[in-house]
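Single-structure report; data block below.
Hydrogens, waters and symmetry mates are skipped; everything else that's a heavy atom, side chains included, is used. Positions are given from 1 along the sequence.
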Amino acid sequence: MAHAAHVSAVRSLYKRILLLHRFMPIDLRALGDQYVKDEFRRHKSAAAEEVTLFMAEWQNYKDTLQTQILEAVGNKKLAFGADLSEGKLKHFQDEQIGNLYELMLESTKPNRQFDIQEEGIPK
């Protein structure tokens, strides 16, 4: 039964994050959705200790994003993101730092690789 509860918690968090991404600009939403899907898929068979940390960090991400969206209600400009402390960065593996760096580069490009438009808007 504990396994079923865990699967339910993971699925709920995953769906909530994708729902919150709907409030992001379309290109950042596409980038974020793909990253979330890849990360959750990659951690399907992770060790219990790693899963605990994984879930805590994604819960923190969800809470931060939700707070930023709620604070932006009524504002014309949304601001997303948060700084990572040196303490957190020290726990990252080299591959994670590389992925984070690539994500930062992609999300701050003036001409992002995604050329996605809202439905109903002609090119």
Hey, can you tell me if His43 and Phe54 have their rings parallel, tilted or perpendicular (30° and 60° cut-offs)?
parallel
Below 6.0 angstrom between ring centroids: does that apply to Trp58 and Phe40?
yes
So, Ser12 side chain and Ser8 main chain: donor-acceptor pair closer than 3.5 Å or not?
no
Other residues, nucleotides and ligands only: do more than 12 of their heavy atoms fall within 6.0 Å of OH on Tyr61?
yes
dist Lys62:NZ -> Leu13:CG (nearest 0.5 Å) comes out at 7.0 Å
Taking C-beta and beyond as the side chain, do Glu57 and Lys88 meet within less than 4.5 Å on heavy atoms?
yes
Keeping the roles fixed (side chain from Glu39, backbone from Val36), state whether a donor-acceptor pair exists under 3.5 Å.
no
Test Lys37 against Tyr14 for side chain to side chain contact (heavy atoms under 4.5 Å, CB included), laying out the working first.
CA-CA 8 Å; Lys37 290 173 184 178; Tyr14 176 80; 3.0 Å; yes
What verdict does the side chain to side chain contact (heavy atoms under 4.5 Å, CB included) test give for Leu89 and Leu100, after you've listed the backbone C-alpha separation in whole Å, the side-chain angles of each residue and the deciding distance to 0.1 Å?
CA-CA 10 Å; Leu89 283 174; Leu100 186 63; 4.1 Å; yes
In Gln66, Lys15, Arg29, the residue satisfying side chain to side chain contact (heavy atoms under 4.5 Å, CB included) with Leu20 is Gln66
Flag side-chain contact, heavy atom, 4.5 Å: Val51 against Val10
no
Quick check for you: to the nearest 0.5 Å, what is the distance between Phe23 atom CZ and Leu28 atom CG?
15.0 Å
So, taking the atom named OG1 in Thr52 and the one named NE2 in His6, what distance separates them when rounded to the nearest 0.5 Å?
8.0 Å
When clusters are formed by joining ILVMFWY residues with side-chain heavy atoms under 4.5 Å apart, either directly or through shared neighbours, do Leu84 and Ile97 land in the same one?
yes
Please lay out, stage by stage, how Leu53 and Glu50 fare under the test side chain to side chain contact (heavy atoms under 4.5 Å, CB included).
CA-CA 5 Å; Leu53 183 58; Glu50 190 176 353; 5.8 Å; no
Leu65 vs His21, side chain to side chain contact (heavy atoms under 4.5 Å, CB included): CA-CA, chis, key distance, verdict:
CA-CA 8 Å; Leu65 185 57; His21 281 179; 3.6 Å; yes
